[in-house]
Amino acid sequence: MTTLAPAFGQALPSLIDVRTEYSHEVNGELVYELCAALVREGLGTAETWKQSGANALVFAQNAMMSGIGAERGDLLHRNVEYHLEVSDVLGRAGSDAALGSGQLAVTVECGGAGYLKIGPAIDALEAEAEGLGAAFYWALTYALYRVMRIYNHDDALMYEERMRDYAAEDEEENRGQYEFPEVEKALPECIQKTLKRDSSDWRTHDRELLRRFRTGKFSPWIERLRRIQRLSRLPLKQSRDYIEAGYYDEPPLPSLLVTFKEHDAITACFDEEGQYMMEGTAEPTVCVAFSPRKADEVRHALRILERFVALNYELFQLVEDVQGWEKRHAGACVDRGEPSLRAA
Amino acid sequence: MAKPQMAREELTALFIQKAAEPPPEANQILARHLKSRESCDLAHAVSEAMSRHVATGSHRLPTPPDLLPPLG
């Protein structure tokens, strides 16, 4: 029995010899230029090249990771989700902002915030000296504002204000359905008292207070705070022009959630707002464009990254120090938190 | 102590050399097409025609009656 048909004269031509795939790396040479720049700056060696299987992308990744270091990398990995990327385009998918010819951009994006429950630490500092907890909180907050986006009482207060505005604009009969977090009431007393300070000398007063207790019981926390402040003040300019041309939908995702108690009003606001944070394309937390051929630009980009990693290293060591201290003092605090959202 | 320094210079030179190397021939063909306005227009036209074809309900080619002999 014959099961095969005879060749049909009008059959489609065979595609068997036609290549089904082509690949082309636009700006592929930039990867090698980046590798050369990393080696010149002491990141990556012949051994790294060997371990990377002579693959330039793997080499660049390993060289940068060697700059971060295993200890710092592990600490960050435990506490926060950062993505470091070097690319020849910027911006959200579909509307990439073109970088100049021969330019690369290094970005750090945050995919998951770290968490600092600072209330118990503030209480302990206030017990040591009145105003010390508040001074610590404000100094840390303003230092972090210079370098990264954080979600704290400020964001929660703004969220509450927006909720109250929506409720006021809504129909009379719908207003009862709104829930307000009552953020200000949920703040520790020392933060409430210092929330709106009129006099301009409070910074000097706080600095004096922190200096006085530098050698006291809480010196490790205050020393870490001082290092964070020093790093945050380094004048390192990022590439804002590229970020503005990148058509991002939102500011960077917060790198740290700062609450006072578990399940407090700030946590509740973050939970509400966090549901929508990933909907748009957020700006990167760090962004700096550079040409791998220009040593000064490479060094500037590396300094920005180094500062960011060093500051985060101090920050998350502080977070773990505070967590450890709280565990050791568990049971001393009788306040179990409060209902996070209250009906209007 | 001089050895690692040499290795670093050699490695830098290797990367610079690789950066200057032309891409493989197949990549060059593709790169030429990507740079050619006519090629890009043609690819765009084909892609649009395919989308239109799918969107308007594709119709299959009829099977030629003598492609397979009857099994009976």
Side-chain angles (χ1 to χ4, degrees), chain A residues 1-13 18-60 62-63 66 86 88 101-102 104 291-295 298, chain B residues 1-55 58-72:
Chain A
M1 186 176 76
T2 304
T3 55
L4 287 175
F8 176 58
Q10 292 168 16
L12 290 170
V18 177
R19 281 187 65 155
T20 55
E21 189 181 299
Y22 284 89
S23 68
H24 173 58
E25 278 181 329
V26 180
N27 295 333
E29 74 282 358
L30 284 176
V31 179
Y32 289 112
E33 287 178 8
L34 171 68
C35 292
L38 290 170
V39 175
R40 274 194 291 263
E41 297 305 319
L43 297 170
T45 60
E47 187 59 28
T48 320
W49 179 237
K50 199 173 148 192
Q51 284 167 357
S52 309
N55 181 316
L57 283 173
V58 178
F59 173 85
N62 290 346
S66 74
V86 182
D88 59 348
S101 173
L104 289 172
S291 164
R293 288 177 206 160
K294 294 180 182 164
V298 172
Chain B
M1 289 301 284
K3 185 74 179 164
Q5 184 60 30
M6 277 304 290
R8 182 188 292 187
E9 283 165 5
E10 281 168 22
L11 193 56
T12 309
L14 172 78
F15 287 134
I16 289 168
Q17 185 198 326
K18 281 187 172 288
E21 275 175 8
E25 196 183 344
N27 279 9
Q28 285 185 49
I29 294 168
L30 189 60
R32 272 207 302 280
H33 276 297
L34 288 172
K35 283 178 189 163
S36 158
R37 170 109 197 179
E38 283 166 3
S39 282
C40 289
D41 286 351
L42 178 64
H44 185 63
V46 170
S47 155
E48 272 204 336
M50 283 170 69
S51 304
R52 269 204 306 278
H53 177 69
V54 172
S58 52
H59 40 85
R60 291 177 187 165
L61 291 172
T63 311
D66 53 345
L67 184 62
L68 292 169
L71 294 172

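Numbers restart at 1 for each chain; the letters A, B, ... are given by sequence-line order, proteins then strands.
- Residues meeting the salt bridge (Lys or Arg N to Asp or Glu O under 4.0 Å) test with A/E41, sequence neighbours left out: A/R299.
- Counting non-hydrogen atoms of other residues, nucleotides and ligands closer than 6.0 Å to CZ of A/R293 gives a total of 12 or fewer.
- Between A/D88 atom CG and A/L30 atom CG the span is 6.5 Å, to the nearest 0.5 Å.
- The main-chain N or O of A/T48 is found under 3.5 Å from a side-chain atom of A/T45 such that the two form a donor-acceptor pair.
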Distance-only donor-acceptor hits, side chain of residues 36-49 of chain B, under 3.5 Å, sequence neighbours excluded:
residue	atom	partner	partner atom	Å
B/S36	OG	B/E38	N	3.4
B/S36	OG	B/S39	N	3.2
B/S39	OG	B/H33	ND1	2.7

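- Take B/R32 and apply the salt bridge (Lys or Arg N to Asp or Glu O under 4.0 Å) test, not counting sequence neighbours, and it matches no residue.
- Contacts between residues 12-20 of chain B and chain A, counted as heavy-atom pairs separated by less than 4.5 Å, involve B/T12, B/L14, B/F15, B/I16, B/K18, B/A19.
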